[in-house]
Number of protein chains: 2
Amino acid sequence: MTTAGGSDAVDVEDLTARARIRDAALRHFAEDGFERATIRAIARTAGVSPGLVRHHFGSKEALRAAVDDHVLRMVRRFNDEALASGRHGNLSFAAAARPALRPVQRYLLRALLDGSKAAAKLFDEMVEMAEPWMPQPDETTDGAPVSDRRTRAALITAMAAGVGLLHEHVSRALGVDMFSDEGDRRVAVAMLDIYSHALITTDMAASARAGLDRPGTESPR
Amino acid sequence: MTTAGGSDAVDVEDLTARARIRDAALRHFAEDGFERATIRAIARTAGVSPGLVRHHFGSKEALRAAVDDHVLRMVRRFNDEALASGRHGNLSFAAAARPALRPVQRYLLRALLDGSKAAAKLFDEMVEMAEPWMPQPDETTDGAPVSDRRTRAALITAMAAGVGLLHEHVSRALGVDMFSDEGDRRVAVAMLDIYSHALITTDMAASARAGLDRPGTESPR
DNA sequence: CGGGTCGCTATACGCGCGTATAGTCGCTTG
DNA sequence: CAAGCGACTATACGCGCGTATAGCGACCCG
């Protein structure tokens, strides 16, 4: 039993039709997006009639809010466990726990595109969590970052999300499903490579910055 | 009748209704996605009747194919110019030319999510183009990358795409619209910072890799 | 034991969509 | 000048959607 969180344990009731609908909605929203997912299909997956969805949740938008709420609670619980077990910067816990909230992750990524407010809030929190990881502008004297850490944190967060968002294309490039065990491992290892190696030199970055100031001139005059 | 207030001064030949429809579709597909965009709205934007869209393109799917084709041609032309003018690894050209194909970029990003085959093909090409940029596994002896370059190239490509895909959230975190001049510049500079600085040490990466094999336990080093 | 609530289904309504078809206008051409 | 033809519009059809409402059996409670 790993129920460290212990706040209202919904495990007992999770066989109710209401929970099944919520889970089915989570899956459909994650897979097809909010607009494309239909109440009828969600009901079919949950094994109930479409009317029951409305009976329990009132409307499609309210159903989304319920799913958002559920996901938010799951993420918070995971986060609490992560904070409790792993110390600062314990990458191994984060790496190992990733498969656990994979379905939730896919939902959240889609929700970011579909305009879910809960997802937007979580994005902001992730940016905040990522910010301390960014190298500080004054950390080294030569070639130090010139942009503020929050901007970089937001970009890194969006970039990490992009991998999951484009899982179809990433999987095609890899030749293996990103969400399979092997694919997931390859992605994780490669991400560590990416995060631990600079792609360009600080000199190249400086010259590119210079190019930003002189737009449109593709060749030296 | 045509809306007399056609404000934007576009190219001389592109005033035909067919071109206007195609451009309107590009914008609507980019903004709302393929499914959400409606022929009626596209026609309204183009200043024509919905029937004309069908007259010229036959179906919504065929309209998408036409837009895909148009976008593909634009990207190829840009690419040719880049290859002709800029030499190997000329970042300043890429940086300076970015605003020019911004609308096309947004369309392509959405198209990646909407299942456009042209976009998928371009993604694969971008991966191929990114691959030579990846540090080689044998480049340095200590802490060298352990994953193949193609995997890393695919991930970097998806990550770069993620920034544009989540422009709404990135803009919120930045406090300024990512597609404004100021926002775009800040993003570009920050991206250069990210690309030119490693986020974690190779030691941290190694310990995280160890964590991948032994889920749930361990602390670094 | 009987009324009320709750979980659940069946059916229907209105709407906006993509698509289809018939018709109008204006320019070309022999 | 008249016939033809392509650009373009008006209108309508069918479909699937979210939503609404009525009804039905099971269970609780006084």
Rounded distance in Å - CG (B:Leu52) to C1' (D:dA7):
7 Å
Heavy atoms under 4.0 Å, any strand shown: does A:Ala62 hit a base, just sugar-phosphate, or nothing?
nothing
Of the listed D:dT19, C:dG18, C:dT9, the closest approach to the A:Ile39 side chain comes from D:dT19
Separation of D:dC24 C1' from A:His55 NE2 (nearest whole Å):
13 Å
At less than 4.0 Å, is any side-chain N or O atom of A:His56 found next to OP1 or OP2 of C:dC8? Yes or no.
yes
Spacing of B:Leu63 atom CG and B:Phe29 atom CZ [to the nearest 0.5 Å]:
4.5 Å
So which nucleotide from C:dT19, C:dT9, D:dT19 ends up closest to the side chain of A:Ser49?
C:dT9
How many Å lie between CZ on B:Arg36 and P on C:dG16, as a whole number?
15 Å
Does A:Arg40 get its side chain close enough to the base of D:dG16, under 3.5 Å, for a donor-acceptor pair?
no
B:Arg64 charged N/C atom sitting above B:Phe34 aromatic ring, 6.0 Å / 45°:
yes
Integer-rounded Å distance: C:dG18 P and B:Phe57 CZ:
15 Å
Determine whether the side chains of B:His70 and B:Arg73 contain a donor N or O and an acceptor N or O closer than 3.5 Å.
no
Can you check the A:Lys60 NZ to D:dG18 C1' distance for me, whole Å?
8 Å
If you assign B:Thr38 and A:Val53 each to the DNA chain C nucleotide with the nearest heavy atom, which residue ends up on the more 5' nucleotide?
A:Val53
Any donor-acceptor pair under 3.5 Å linking the side-chain atoms of A:His167 with those of A:Arg106?
yes
Whole angstrom value for the distance that separates C1' of D:dA7 from CZ of B:Arg20
12 Å
Over how many whole Å does the gap from A:Glu35 atom CD to C:dG16 atom C1' extend?
13 Å
Just checking B:Ala37: base, sugar-phosphate only, or nothing, at a heavy-atom cut-off of under 4.0 Å?
sugar-phosphate
Nearest-nucleotide wise, let me know which of A:Arg44 and A:Gly58 is further upstream toward the 5' end of DNA chain D.
A:Arg44
Provide, to the nearest angstrom, the distance between the CG atom belonging to B:Leu63 and the P atom belonging to C:dC17.
15 Å
Can a donor-acceptor pair be found, under 3.5 Å and without considering hydrogens, that links the side chain of A:Arg149 to the backbone of A:Pro132?
yes
Do A:Arg18 and C:dG7 share a donor-acceptor pair, side chain to base, under 3.5 Å?
no
